[in-house]
Participant: 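Before I ask anything, let me first share the structure, which is written out below as structure tokens.
When reading the values below, keep in mind they use all heavy atoms of this one structure, side chains included, and skip hydrogens, waters and symmetry mates.
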Amino acid sequence: MDIGEIYERYGPEVYRFLLRLSGNPTLSEDITQTTFLKAIEHIDSFKEQCSLKTWLCQIAKNEYLNTLKKAESRNVPLEEEHLEHSRTTVGLEEQMAHAETAREIRAAVNHLKEPYKEVFILRVYGELSFREIGDVFGKSEVWGRVTYLRSREKVVELWKRGE
């Protein structure tokens, strides 16, 4: 099963799990994205001692608890910490603030094939929602999410290789 299939199958469940924990749809969406990025990075640590869904929810829970801890340690409301969380855990978007890194990332984006290139541009530069991206292509919101996740993964890979 590839990451797209995993996201389509478990993404909505992870999101609902986080929504029950946080009560915040935006925070839940952001942590869902972070969860799948972490899962991609650490897939080799999945030992199949539990179901994939359980493993993903555990990652999601840890991300949520880390966000809570940061908010508590800084003595700020969770909503304010969420804004900071969005800025710091996204990583790639944060790096774009630096001119040289932004140039390197744009070069990596230019190496993407369609529809990955356009989806990445619509999400990062156009700030379109996943639903809007799906609508642009005549596809679903889930398609928009999965395609963006794949495009982002490819950008990171190309960027690290210096392409």
Participant: Taking only residues two or more places apart in sequence, or in another chain, which ones meet Glu153 in a side-chain hydrogen bond (donor to acceptor under 3.5 Å, both in side chains)?
Facilitator: none

Participant: With a 4.5 Å cut-off on side-chain heavy atoms, are Val155 and Leu158 touching?
Facilitator: no

Participant: I'd like to check the side-chain contact (heavy atoms from CB on, under 4.5 Å) partners of Glu132; sequence neighbours left out, ordered by chain and number.
Facilitator: Leu128, Ser129

Participant: Taking all non-hydrogen atoms of both residues into account, name the closest pair between Thr26 and Asn24 and its distance.
Facilitator: N-OD1, 3.0 Å

Participant: Looking at residues at least two apart in the chain, or sitting in another chain, which of them share a side-chain contact (heavy atoms from CB on, under 4.5 Å) with Gln58?
Facilitator: Lys61, Asn62

Participant: Specify the closest pair of heavy atoms between Leu18 and Ala60, including all atoms of both residues, with the distance to one decimal.
Facilitator: CD2-O, 3.5 Å

Participant: Which residue pairs pass the salt bridge (charged side-chain N to carboxylate O under 4.0 Å, His left out) test when at least one of the two sits in residues 10-27, sequence neighbours left out?
Facilitator: Glu13-Lys53

Participant: Not counting sequence neighbours, which residues clear side-chain hydrogen bond (donor to acceptor under 3.5 Å, both in side chains) with Thr54? List them please.
Facilitator: Ser51

Participant: Among all residues two or more places apart in sequence or in another chain, which pass the side-chain contact (heavy atoms from CB on, under 4.5 Å) test with Lys38?
Facilitator: Thr34, His42, Ile59, Glu63

Participant: In terms of hydrophobic clustering (I, L, V, M, F, W, Y; side-chain heavy atoms under 4.5 Å; direct or indirect links), are Tyr15 and Leu149 co-clustered?
Facilitator: no

Participant: Using 0.5 Å steps for rounding, measure from the NE2 atom of His111 to the CH2 atom of Trp159.
Facilitator: 16.0 Å

Participant: Going by the rule salt bridge (Lys or Arg N to Asp or Glu O under 4.0 Å), which residues pair with Glu8 if we only count those two or more places apart in sequence or in a different chain?
Facilitator: none

Participant: Restricting to ring pair (Phe, Tyr, Trp, His ring centres under 6.0 Å), what partner residues turn up for Phe17, sequence neighbours left out?
Facilitator: none

Participant: Please identify each residue that fulfils side-chain contact (heavy atoms from CB on, under 4.5 Å) with Lys117, with sequence neighbours left out.
Facilitator: Val109, Asn110, Leu112, Glu114, Ile121

Participant: Specify the closest pair of heavy atoms between Tyr148 and Gln33, including all atoms of both residues, with the distance to one decimal.
Facilitator: CD2-OE1, 4.4 Å

